[in-house]
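Bear in mind that the values here come from a model prediction, so they are computed numbers and not experimental data. Atom set for the values below is all heavy atoms of this structure, side chains included, hydrogens, waters and symmetry mates excluded.
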Amino acid sequence: MYQEDDRITPYDGAVEIPKEIQTIRDPIIFNLTKRELFFVTVGILLAALSVWVLFKIVGVRNSGFLMVPVMVAFPFGLFAFIRPMGLNLEDWLTIWMSNNLKSAPVRKLFARNEYERVLEIVGVWEEKQAQGKHRKGMSRKKKQKKRGRRHKRSGYQVRR
């Protein structure tokens with residue numbers, strides 16, 4: 001009925017997106033996407049707020065302090081335009097942190113050899129059996145002492 005090439009493969013949850021679709025951008029204004037526009041707007045607003053705080057509230061008159069608003073806006077510019085390995089910067093940082101910071105630096109293998117485990121169980125079982133034989137032997141002597149009395153003069157055991 002089916003040829004080998006026509007067989008249906010089970011769905012594994014992964015869908016491959018063609019390269020042409022991955023590079024499509026949907027610009028809104030000034031050739032910026034929604035995400036880029038958001039980060040640029042937040043960066044500009046925070047830079048303007050830091051300029052206002054420096055000059056009006058703090059009273060700084062030196063123009064060298066204009067580096068502060070640039071440093072405030074710089075991370076937002078990175079998040080807007082930098083795309084390492086084709087991912088948004090926040091997605092890439094999340095993956096990087098989960099792989100490098102959250103996971104253990106040395107992963108230990110906790111697999112046990114089943115053959116060694118069986119040998120361990122058999123060894124414990126044999127040890128219990130050996131202790132059981134020793135106990136049984138002691139209990140026989142005690143039972144013999146309880147069952148029979150020794151004759152006072154000859155020392156021979158008399159059974160009832």
Side-chain angles (χ1 to χ4, degrees), residues 1-28 32-47 49-50 67-160:
M1 183 167 161
Y2 286 112
Q3 299 290 335
E4 280 195 35
D5 297 336
D6 296 338
R7 292 204 179 170
I8 299 171
T9 58
Y11 178 66
D12 63 351
V15 177
E16 188 174 329
I17 300 172
K19 296 280 185 188
E20 299 84 29
I21 296 175
Q22 289 178 359
T23 58
I24 291 177
R25 297 181 65 230
D26 191 19
I28 295 177
L32 297 174
T33 62
K34 287 185 288 189
R35 186 183 154 279
E36 292 169 348
L37 186 63
F38 170 75
F39 281 115
V40 167
T41 305
V42 170
I44 290 172
L45 287 175
L46 286 177
L49 180 67
S50 64
M67 282 302 291
V68 173
V70 171
M71 290 181 358
V72 168
F74 185 71
F76 292 96
L78 288 179
F79 277 96
F81 300 112
I82 300 296
R83 295 180 54 89
M85 291 190 253
L87 297 171
N88 296 334
L89 187 58
E90 60 270 14
D91 296 335
W92 184 84
L93 284 174
T94 304
I95 293 168
W96 181 83
M97 284 183 358
S98 68
N99 289 335
N100 295 323
L101 301 178
K102 291 181 182 177
S103 62
V106 176
R107 293 190 174 104
K108 296 180 181 175
L109 179 64
F110 291 108
R112 290 186 61 180
N113 187 346
E114 292 299 320
Y115 179 72
E116 290 176 359
R117 185 169 167 248
V118 169
L119 285 178
E120 211 173 273
I121 292 171
V122 169
V124 169
W125 182 79
E126 288 175 349
E127 197 173 294
K128 285 183 181 178
Q129 292 297 320
Q131 288 177 355
K133 287 180 182 177
H134 182 65
R135 287 182 186 164
K136 286 179 184 175
M138 291 297 285
S139 62
R140 281 188 203 149
K141 289 180 183 177
K142 287 181 182 178
K143 286 180 184 176
Q144 285 176 357
K145 285 182 182 178
K146 288 181 182 178
R147 279 191 213 150
R149 294 182 295 177
R150 292 190 181 269
H151 194 271
K152 290 182 181 177
R153 289 186 188 164
S154 64
Y156 292 109
Q157 189 171 14
V158 179
R159 294 193 180 230
R160 291 185 181 179

Q. So Phe81 and Leu32, side chain to side chain contact (heavy atoms under 4.5 Å, CB included) or not? Walk me through it.
A. CA-CA 10 Å; Phe81 300 112; Leu32 297 174; 3.6 Å; yes
Q | Over 12 non-hydrogen atoms of neighbours within 6.0 angstrom of CZ in Phe74 | A | no
**Q.** More than 12 heavy atoms from other groups under 6.0 Å of CG on Asp26
**A.** no
Kindly compute the distance separating [atom1] ([X]) from [atom2] ([Y]), expressed to the nearest 0.5 Å.
X      : Y      : atom1 : atom2 : value
Leu93  : Phe79  : CG    : CZ    : 5.0 Å
Trp92  : Met97  : CH2   : CE    : 11.0 Å
Leu87  : Thr94  : CG    : OG1   : 10.0 Å
Ile121 : Glu116 : CD1   : CD    : 12.5 Å
Leu119 : Glu126 : CG    : CD    : 9.5 Å

**Q.** For Glu114, all residues meeting salt bridge (charged side-chain N to carboxylate O under 4.0 Å, His left out), sequence neighbours excluded
**A.** Arg117
Taking all non-hydrogen atoms of both residues, which atom of [X] and which atom of [Y] are closest, and how far apart?
X     : Y     : result
Ile28 : Lys34 : CD1-CG, 2.6 Å
Val72 : Ala47 : CG1-N, 4.4 Å
Gly43 : Ala73 : O-CB, 3.5 Å

Q | Phe76: partners by ring-ring contact (aromatic ring centres under 6.0 Å, His included), with sequence neighbours left out | A | none
Q | Test applied, side chain to side chain contact (heavy atoms under 4.5 Å, CB included); reference residue, Val42; option that passes from Val40, Leu46, Leu45, Ile44 | A | Leu46
Q) Can you name the residues that form a side-chain hydrogen bond (donor to acceptor under 3.5 Å, both in side chains) with Asn88, not counting sequence neighbours? A) Arg83
